[in-house]
Protein chains: 2
Amino acid sequence: MRLSEGVEWGLHCCVLLAPLPDGAGLPAKALAEFHGVSESYLVKHLKALVRANVLTSISGPKGGFRLARPASQITLLDVVQGIEGGQPAFRCTEIRRRGPAALGPGAYRLPCMITASMLEAERAWAAVLRNKTLAQLVEELTAKLDPRAIEKTLAWLPAVVRI
Amino acid sequence: MRLSEGVEWGLHCCVLLAPLPDGAGLPAKALAEFHGVSESYLVKHLKALVRANVLTSISGPKGGFRLARPASQITLLDVVQGIEGGQPAFRCTEIRRRGPAALGPGAYRLPCMITASMLEAERAWAAVLRNKTLAQLVEELTAKLDPRAIEKTLAWLPAVVRI
DNA sequence: GGAGTGATACTCGGATATCTGGTGTCCGAGTTTTCGCGG
DNA sequence: CCGCGAAAACTCGGACACCAGATATCCGAGTATCACTCC
């Protein structure tokens, strides 16, 4: 099991966008530069977040990406699922229906118990992420972050921030 | 994010092995036939479970795989991690250390808060799986399973069970 | 008839191909800005 | 000096290569069984 690297990128970008003034955003080029990652590939993930209604994109000069909603209304689950897609990690292929002990197709109205257990675990995973908003995460982060990092970020922002 | 198909196979195999009498096992060929999957590939996953100390393997005729411990002492997490490996799904690449706001290497003694949140979710996921043993799962399963399926399985077992 | 021994058949084990999905990149569509020109 | 217009530059958006890891398979190592032979 492995989460896409894009999840990390997307989360960091959202954390950077969250504290900006209302309506402000950043172009992909700036987001990529700030995190030291490929711009082309980052756009791919940001685009996914736009489709998931987590970000909003604006074209043209002075364009960029910004949060689609207030940071207090975006959960980590929204971001993770926006990039990874909502599909569950465990996917039942119904192997119980094959082999010598298999019954007719009508016999399997109850879901596979193994799948039920695995999905229960995933629900617990999702619950933790759904319980934490971007606003909370940013608050925790700024409290523990090195002041010099905040200072450097604030010094860098004005040249690239949009609107 | 996606779990390997082998996790499903491994869990089903363990569920089939758990109710067998003490010390009894099944050869990979039988396990593969019962679930209608490739034997060669199934062995690869069973081998991983042997390395993880979930199963024990015996070579030669009358050989096969059996649980390494009582079913009440094997958790679903043991099986899942035995096949997937214990690595976390979210892997922090420390992109916070790159880019214009980066500080010196010594400034990052505290773990990345984003990673902390993601790992907290994974711990919740693991806790659910750790909290359910094979014995519990088998009990739930037999209670809800179609009696005809159990009957068919019991009719098929004697010809392939070992020791 | 019984014990020993060799061959055999069956099992697991690791090394080896194939293929899907994540990773990475490029070029095109759209929009705002900006510069130049004319009034 | 002001307004209009066209070109340009910058942005996002989707289509196209590349690579790691999962998927799938084969052949070799090891062992209990079995049959045969000899005592």
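Per chain, numbering begins at 1; letters A, B, ... match sequence-line order. Computed over heavy atoms, backbone and side chain alike; hydrogens, waters and symmetry mates excluded.
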How many whole angstroms separate atom CZ of A:Arg91 from atom C1' of C:dT20?
12 Å
So how far is it from A:His45 NE2 to A:Ser4 OG, rounded to the nearest 0.5 Å?
4.5 Å
Side-chain atoms of A:Ser59 come closest, of D:dC12, C:dG21, C:dA9, to D:dC12
Look at B:Ser57 and C:dG13 and indicate whether a side-chain polar atom (N or O) is within less than 4.0 Å of OP1 or OP2.
yes
Nearest-Å distance, NE2 (A:His45) to C1' (D:dG13)?
15 Å
Proximal nucleotide (of C:dT23, D:dC12, C:dT33) relative to the A:Glu5 side chain
C:dT23
Rounded to whole angstroms, how far apart are NZ on A:Lys62 and C1' on D:dA9?
13 Å
Which residues in residues 16-41 of chain A have at least one heavy atom lying under 4.0 Å from any atom of DNA chain C?
A:Ser38, A:Ser40, A:Tyr41
Using a distance-only criterion (donor-acceptor N/O pair, under 3.5 Å, no hydrogens), is the base of C:dG14 paired with the side chain of B:Lys47?
yes
Roughly how many Å is it from CD1 in B:Ile83 to P in D:dA22, rounded to a whole number?
12 Å
Assess whether atom NZ of A:Lys29 is packed by more than 12 heavy atoms of other residues, nucleotides or ligands within 6.0 Å.
no
Is B:Arg162 near enough to C:dT11 that one of its side-chain N or O atoms lies under 4.0 angstrom from OP1 or OP2?
yes
Can you tell me the distance, in whole Å, between the CG atom of A:Leu3 and the P atom of C:dT23?
10 Å
How about B:Glu139: does its CD atom have over 12 heavy atoms from other parts shown lying under 6.0 Å from it?
no
Under 4.0 Å from OP1 or OP2 of D:dT23: is there any side-chain N or O of B:Ser4 that close?
yes
Hey, can you tell me if A:Phe34 and A:Trp156 have their rings parallel, tilted or perpendicular (30° and 60° cut-offs)?
tilted
Measure the distance from CD on B:Glu8 to P on D:dT23 and round it to the nearest whole Å.
11 Å
Can you tell me if NZ on A:Lys62 sees more than 12 non-hydrogen neighbours from other groups inside 6.0 Å?
no
A:Ile58 CD1 to D:dC12 P: how many Å, rounded?
10 Å
Please work out if A:Leu46 contacts a base, only the sugar-phosphate, or nothing of the nucleic acid, heavy-atom cut-off 4.0 Å.
nothing
Using 0.5 Å steps for rounding, measure from the SG atom of B:Cys13 to the CG atom of B:Leu31.
4.5 Å
Is A:Lys44 side chain donor-acceptor paired with the D:dG14 base, going by distance under 3.5 Å alone?
no
Between P of D:dT11 and CZ of A:Arg66, the distance in whole Å:
16 Å
Ignoring hydrogens and angles, tell me if any N or O in the side chain of A:Glu33 forms a donor-acceptor pair with the backbone of B:Pro100 under 3.5 Å.
no
